[in-house]
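Each ligand, and each atom within it, is numbered from 1 in the order the structure gives. Quantities reported herein were computed from a predicted structural model and do not represent experimental measurements. Numbering starts at 1 and runs along the sequence shown.
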Amino acid sequence: MKVLIRGAGVAGLTLAHELATRGASVTVVDKRRQVAGNASWQAGGMLAPWCERESAEEAVLSLGRGAADWWSAALPGHVMRNGTLVVAPARDVAELDRFGRRTSGFREVDAETVAALEPDLEGRFGRALFFTDEAHLDPRKALLGLQEKLVRMGVRFEFGYGAVQAPGTPDIEADCSGMAETRPGLRGVRGEMLILRTSEVSLARPVRLLHPRFPVYVVPRSENLFMVGATMIESDAAGPITARSVMELLNAAYALHPAFGEAELVETGVGVRPAFADNLPRVERDGNKISINGLYRHGFLLAPAMARQAADMIQGHETKKELSHEAHR
Ligand SMILES: Cc1cc2nc3c(=O)[nH]c(=O)nc-3n(C[C@H](O)[C@H](O)[C@H](O)COP(=O)(O)OP(=O)(O)OC[C@H]3O[C@@H](n4cnc5c(N)ncnc54)[C@H](O)[C@@H]3O)c2cc1C
């Protein structure tokens, strides 16, 4: 079975992995020149289904709780299973109770435990919520690692407008083009982020800083890098980050630890999250065309489950086609 996947974001690459593992002949085409720069490239890489439940449906938890295992099996060594720490500045400490009421899967911890978990936050927060089973990965390393593995598995990659316009004759076409797909009801939610570098702070896990207006997280990466994210703006504009968002994100990082004030600001980025009205992803099929979209703020968390659903549908479609060929013989 020949499958053409349009889009080398997290949706397209996880589907390619799922299908190649099941023996399909897969080609991935992307209008960009490489696996970079899309919404997936800008992500925090948090695999945090319990925290996300604060604002998301139960389905995000049930579909997302297996994500860390999927990524660990696909890319051994990429997933860090250190949990998530949720803190609030003293004046917003009521936010912790509100967050706790809307979520599960955490332990309430005191200042001593905060210091044991994150020594650099010692004395900064009187209490916190510790989501023990959550994980994170570096999304850029994961995307590139997946691409490298897929090439070894025989998946073909073609980049640029030419590749997109001359796709050959696949048995199945899978649209994983995110915001580029013209699907009714799909909207964009703009997310702005920063990458800071400092050797003055070290964190073992993503830390979420609650704030009634502007909740922010800081995700540690290798080489003293920290991703600080992210805005949630109802817009599909992908233009440069605004000065206001830079100020808000930097303020939050500074509130988490003042040493971030001295950090190098090495990158700013913007990604547009594809979302449907209910903020839940969809796998949809129409004949030999299939689409995965609407991953919203949960691309790394939910793409594995969506890829599995799509691969099951594709296999079902092909089996039905074979059966009907048999019946017509
Ligand atoms: C700032 C930010 C932080 C985030 N943090 C997290 C997080 O911590 N955890 C998490 O799980 N999720 C997170 N997300 C959400 C996640 O990034 C998205 O849900 C995910 O990237 C969507 O993936 P996608 O593959 O659908 O789209 P994309 O990554 O946008 O990929 C779509 C691809 O399709 C290509 N394309 C477009 N048109 C065509 C065409 N005609 N033919 C071929 N290819 C085409 C594009 O070039 C692109 O490469 C975050 C998002 C943002 C913006």
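- Taking the six-membered ring wherever Trp is involved, the centroid distance between the rings of F260 and Y254 does not fall below 6.0 Å.
- Using a 4.5 Å heavy-atom cutoff, the side chains of S72 and R81 are in contact.
- Atom CZ in R32 sits 11.0 Å away from atom CH2 in W41 (nearest 0.5 Å).
- In summary, the atoms of ligand 1 found under 4.0 Å from a heavy atom of G7, numbered by their order in the structure, are 33 (C), 34 (O), 35 (C), 43 (C), 44 (N).
- If you check which protein heavy atom lies closest to atom 21 (O) of ligand 1, you get S40 OG, 2.8 Å.
- For ligand 1, one of its N or O atoms has an N or O atom of G299 under 3.5 Å away.
- With a 4.0 Å cut-off on non-hydrogen atoms, Y217 touches ligand 1 through its side chain and not its backbone.
- Listed by chain and residue number, V10, N38, L143, F300 satisfy the side-chain contact (heavy atoms from CB on, under 4.5 Å) test with S40 (two or more places apart in sequence, or in another chain).
- Nearest to atom 52 (C) of ligand 1 among the protein's heavy atoms is R273 NE, 3.8 Å.
- For ligand 1, the atoms sitting less than 4.0 Å from at least one non-hydrogen atom of G271 are 53 (C), numbered in the order shown with element in parentheses.
- Which parts of ligand 1 touch V29 is read off a 4.0 Å heavy-atom cut-off, strictly below it: atoms 43 (C), 44 (N).
- The nearest heavy-atom contact from the protein to atom 41 (N) of ligand 1 is V164 CG1, 3.7 Å.
- For atom 35 (C) of ligand 1, the nearest non-hydrogen atom of the protein is D30 OD2, 3.2 Å.
- Taking a cut-off of under 4.0 Å to the non-hydrogen atoms of A230, the atoms of ligand 1 that pass are 1 (C).
- A donor atom on one side chain and an acceptor atom on the other are found under 3.5 Å apart for E18 and W70.
- For atom 18 (C) of ligand 1, the nearest non-hydrogen atom of the protein is Y296 O, 3.4 Å.
- When each atom of ligand 1 is checked for a heavy atom of G44 under 4.0 Å away, the hits are 3 (C), 4 (C), 5 (N), 6 (C), 7 (C), 8 (O).
- To the nearest 0.5 Å, the span separating CE on M247 from CD1 on I241 amounts to 11.0 Å.
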- Task: Check step by step if side chain to side chain donor-acceptor pair (under 3.5 Å) holds for K141 and H78.
- Result: CA-CA 8 Å; K141 288 187 177 163; H78 279 249; over 6 Å; no
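- Of the heavy atoms in A11, both backbone and side-chain atoms come closer than 4.0 Å to ligand 1.
- In M46, the parts holding a heavy atom less than 4.0 Å from any atom of ligand 1 are both the side chain and the backbone.
- From the protein, the heavy atom lying nearest to atom 36 (N) of ligand 1 is S177 CB, 3.8 Å.
- Looking only at protein heavy atoms, the nearest one to atom 31 (O) of ligand 1 is G9 CA, 3.4 Å.
- Of the listed residues (G178, A67, G294, P206), the one carrying the non-hydrogen atom nearest atom 27 (O) of ligand 1 is G178.
- Ligand 1 does not have W41 within reach: every non-hydrogen atom of the residue lies 4.0 Å or more from it.
- By the criterion of a heavy-atom distance under 4.0 Å, the backbone of C176, and not its side chain, is placed next to ligand 1.
- With 3.5 Å as the limit, one finds a donor-acceptor pair spanning the side chains of S291 and E181.
- Residue contacts with ligand 1: G229 is excluded, as none of its non-hydrogen atoms falls under 4.0 Å.
- D30 contributes no side-chain N or O that, together with a main-chain N or O of F159, makes up a donor-acceptor pair within less than 3.5 Å.
- Side chains of S55 and R297: a donor-acceptor N/O pair is absent below 3.5 angstrom, by distance only.
- Considering backbone and side-chain N/O atoms, N293 never comes within less than 3.5 Å of an N/O atom of ligand 1.
- The nearest protein atom to atom 38 (N) of ligand 1, hydrogens excluded, is given as A180 CB, 3.1 Å; this is a heavy-atom distance.
- In this structure Q42 satisfies the side-chain contact (heavy atoms from CB on, under 4.5 Å) test together with R140, M193, E267, sequence neighbours excluded.
- With 3.5 Å as the limit, one finds a donor-acceptor pair spanning the side chains of T113 and D110.
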